[in-house]
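The basis for the numbers below is simple: all heavy atoms, side chains too, and nothing from hydrogens, waters or symmetry mates. Both counts, for ligands and for their atoms, begin at 1 and track the order of listing.
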Amino acid sequence: MDTLEAIHRRRSVRKYRPEPVPEDDLRAILNAAISAPSAGNIQPWKFYIVREHGLRRALAEAAYGQTFIEEAPVCIVVVAIPEMSAKRYGDRGWGLYCIQDTAAAVQNILLASTALGYGTCWVGAFSEDAVVRVLNLPEGERPVSMVPVGKPAESPPPRPRRRDVFVWL
Ligand SMILES: Cc1cc2nc3c(=O)[nH]c(=O)nc-3n(C[C@H](O)[C@H](O)[C@H](O)COP(=O)(O)O)c2cc1C
């Protein structure tokens, strides 16, 4: 699948089949994640690959009961490490670059998963404190997104897009 096709085929999937994602596919998805650009190539990120069912359930609870997180066979929790970016870029690194860098990694996860036939959903609504507790994250690691990954059990239609967003000069 070429890049534009993956971009246009991707949907937020919220129903998954339970079969596990083979490790080779997971590694390809994670390799896409770390291939994202980052300010100064600092790569201020970490990825927790959560397959254990009890942990997935706890993540779903941390995400205010978004149960599809538990249903998908894997959930990738993307963590930013603001201090790494702040060392070189100060406040802009802390508050902006590390967030943009991890967002780029998330988008690569979504697109690589689509290309390999998996469904995903970018999940941002969760209690950061609860996720820190569930995964026992060390000081300085900020969970910024969760991405459940699995074979889709639904084919959602495209969601509408605003078209009045381009300013041609
Ligand atoms: C930063 C961010 C946070 C999001 N958080 C959630 C979430 O917590 N739960 C959820 O079901 N979808 C979440 N989404 C998915 C959006 O609802 C979805 O991308 C949007 O409705 C467009 O649909 P599409 O992804 O199928 O194109 C999030 C997306 C982004 C970019």
| query | Can you pull the side chain to side chain donor-acceptor pair (under 3.5 Å) pairs that have at least one residue in residues 52-67, sequence neighbours excluded? | reply | H53-E70, R57-E70
| query | Between K151 and E19, is there a salt bridge with N-O shorter than 4.0 Å? | reply | no
| Which ILVMFWY residues are connected to I29, directly or by a chain of links, through side-chain heavy atoms under 4.5 Å apart? | V21, L26, L30, I34, W45, F47, I49, V74, I76, V78, I99, V106, I109, L110, L116, Y118, W122, V144, V147, V149
Contact table, ligand 1 N/O with protein N/O, distance under 3.5 Å:
residue, atom, partner, partner atom, Å
ligand 1, 5 (N), W122, O, 3.3
ligand 1, 5 (N), G124, N, 2.9
ligand 1, 8 (O), Q66, NE2, 3.2
ligand 1, 8 (O), G124, N, 3.3
ligand 1, 8 (O), A125, N, 3.1
ligand 1, 9 (N), Q66, OE1, 2.7
ligand 1, 11 (O), R14, NE, 2.6
ligand 1, 11 (O), R14, NH2, 3.3
ligand 1, 11 (O), Q66, OE1, 3.4
ligand 1, 12 (N), R14, NH2, 3.1
ligand 1, 14 (N), W122, O, 2.8
ligand 1, 17 (O), R14, NH2, 3.2
ligand 1, 19 (O), S12, OG, 3.3
ligand 1, 21 (O), R159, NH1, 2.9
ligand 1, 25 (O), R10, NH1, 2.8
ligand 1, 25 (O), R10, NH2, 3.2
ligand 1, 25 (O), S12, N, 3.4
ligand 1, 25 (O), S12, OG, 2.6
ligand 1, 26 (O), S12, N, 2.8
ligand 1, 27 (O), R10, NH2, 3.0
ligand 1, 27 (O), R161, NH2, 2.8

| task | Take L59 and V77 through the test side-chain contact (heavy atoms from CB on, under 4.5 Å) and record every step on the way to the result. | result | CA-CA 9 Å; L59 289 177; V77 179; 3.8 Å; yes
| said: Filter on side chain to side chain donor-acceptor pair (under 3.5 Å), then keep only pairs touching residues 158-169, sequence neighbours left out; what's left? | reply: none
| query | What distance do Y97 atom OH and R92 atom CZ have between them, rounded to the nearest 0.5 Å? | reply | 4.5 Å
